[in-house]
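Written out below as structure tokens is the structure these notes cover.
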Amino acid sequence: SSKFSQSDTAGSCLRGMREPMDVSGGFSTFCSDTSDIVAKVLRRIQQHVVQRRIRTRDFFVDFDSHREGACSVAQFQRSLNSFGAVLAPDEIQELASHYRIAGAAPAVEFNYSAFCKDVDSAFFSPPTATASTFGHSVASLRSPRATGMGTGVGAEGVQDFLDRLRTICKIRGVTVKACYEDFERTSRPVATRITPFQSGKITKSQFIRQFPFPDRFTHDEVQLLAEAFGTESGDVNYQAVDTAVSSGNDWDPVPIVTSGYTPRRDGTEWSQSSLSPMDKLRCKVVERRLRLVERFQDFDALRKGVCTGGQAKTVFSILDLSKALSREDIDAIVSMFSREDGMFDYRAFCSEADKDFTTPGLEQDPSLPIPSADASTTEPGRRNRPVIRCDGKLAEIEALLTRIASKVKTQRIFLTPLFKDMDRNRRGHISVSQFTRVLLQLDLGLSEPEVKLLCATYCDCGNHRDFNYIDFVQRVDPPDDKLLQAHALQRTPRPNNATQTKYFTAYGRVRPMDQTATAAFAA
């Protein structure tokens with residue numbers, strides 16, 4: 001155990017706890033056999049523990065491996081030093097004699113369990129209005145208050161000071177509490193901190209030193225504020241200052257600056273605006289070869305052919321059709337195939353959506369040919385072109401395309417490689433700026449209005465940004481008829497009555513030579 005001297009005893013008041021001002025109330029009442037010295041020491045320890053929310057038992061269990069609730073006096077002194085309760089040697093001896101177990105060995109002669117029970121009773125006893133060790137009740141330690149506001153200090157001067165401080169905090173966006181929180185960051189006992197931990201109080205010198213606006217207020221004014229919000233122990237309740245400044249803020253909060261997306265009004269009429277929601281959906285079903293019935297049957301365990309409207313919308317989301325159809329289109333489809341009881345008839349819906357794959361009533365005429373779905377079937381859903389109804393504008397566009405086609409044919413310009421250099425992902429579309437760069441590179445002599453006219457014609461994605469250069473190239477530089485015929489012949493199936501060669505069979509094997517012709521040739 002450590003040795004205590006007179007200097008240690010004198011320094012303990014500076015490093016640890018102060019001498020009690022009034023020990024008559026505020027904490028628990030101990031047993032009748034407790035002496036006045038032990039009661040005073042216990043109340044000082046209770047004050048220290050309550051301020052820092054310390055669990056005293058946790059500092060003793062390391063010395064009690066068998067959990068008997070007892071330890072030696074030296075271990076008791078080390079535990080006190082661990083949680084910062086510095087006591088004089090005679091005070092430790094008084095506590096040791098008070099909690100000593102009669103007839104026990106020196107290693108287990110101190111009953112720390114009873115000691116911790118007496119100390120921790122401060123947390124469970126009801127708070128009283130009488131003053132405790134530091135001149136405050138336990139309730140005052142848990143909630144900050146300003147004791148000097150309006151008593152002994154000019155209330156009008158303090159209120160004027162608060163109004164000025166409130167205005168500056170509003171303009172500069174400063175929080176008073178944030179300026180002083182650094183003084184009580186750690187819960188570990190520190191010799192330089194003599195105010196309670198997390199109590200909203202600091203010393204007067206700390207309050208003046210850390211005041212956020214020394215250039216706007218004089219030293220005397222800050223002193224006045226510190227005295228107005230001072231406590232009986234000489235500290236300053238900065239939490240009460242922050243509450244007084246914040247509670248008087250009657251201004252409206254500054255609205256957050258946002259830049260919401262507001263689409264520009266476009267008077268262009270698009271081709272898909274004339275399509276019904278079912279026409280758009282059929283185009284996407286054919287394009288992606290979607291199987292609709294199986295998705296709806298997941299929600300129809302009894303196979304009744306119906307589901308709820310919410311389940312139908314869920315199927316559209318699973319099939320990723322919500323990108324091609326707007327919310328209004330989906331609501332229109334659901335209401336179109338809903339029965340009187342509100343259930344969605346998905347069998348009728350799937351029969352209508354799959355019309356492009358088959359022909360209804362085919363069993364009555366089995367020999368009826370079924371046209372296969374091609375690019376023209378899905379083109380209304382894939383292309384969304386501007387609708388041009390002015391005949392003069394159409395004639396102007398046709399004359400412009402004819403002039404470009406004549407230049408391309410005369411100068412033998414190969415357009416496709418230039419556009420593909422811009423189209424890295426081979427989407428068939430490039431931006432309008434890229435299209436303009438290609439035209440400047442070719443030096444076709446087009447003006448800016450003519451370029452805008454071409455962009456208004458071949459931007460077919462529902463916007464004015466994506467230019468379809470494939471359709472443009474096919475119009476101004478069409479391929480030869482023989483090339484088109486070769487491509488068409490390559491895509492068509494081989495006819496059954498095709499003439500077979502005399503050298504190979506239908507399976508690609510070599511046809512044997514006729515024996516008669518061989519003999520005649522040999523002769």
Heavy atoms of Asp423 and Gly428 approach each other most closely as OD2-N, 2.8 Å
In terms of heavy-atom contacts, Val285 and Ala353 come closest through CG1-O, 4.2 Å
Item checked: Ser322 side chain to Asp320 side chain, donor-acceptor N/O pair below 3.5 angstrom -> no
**Prompt:** Can the ring centroids of Phe229 and Tyr238 be said to lie less than 6.0 angstrom from one another?
**Reply:** no
ask   = Less than 4.0 Å between a side-chain N and a carboxylate O, is that true for Arg291 and Glu294?
value = yes
- Task: Answer yes or no: does atom CZ of Arg426 have more than 12 heavy-atom neighbours from other residues, nucleotides or ligands under 6.0 Å?
- Result: yes
Check: Using a distance-only test with no angle check, is there a side-chain donor-acceptor pair under 3.5 angstrom linking Thr378 and Arg382?
Finding: yes
Quiz item: So does Arg172 have more than 12 non-hydrogen atoms from other groups sitting under 6.0 Å from CZ?
Solution: yes
Would Asp235 and Lys201 pass as an ion pair if we require N to O under 4.0 Å? no
(message) Check Asp480 with Lys482, please: is the shortest side-chain N to carboxylate O separation under 4.0 Å?
(response) no
Margin query: I'd like to know if Arg403 and Glu398 make a salt bridge, using a cut-off of under 4.0 Å between side-chain N and carboxylate O.
Written below: no
Would you call Asp471-Arg385 a salt bridge at under 4.0 Å N-O? yes
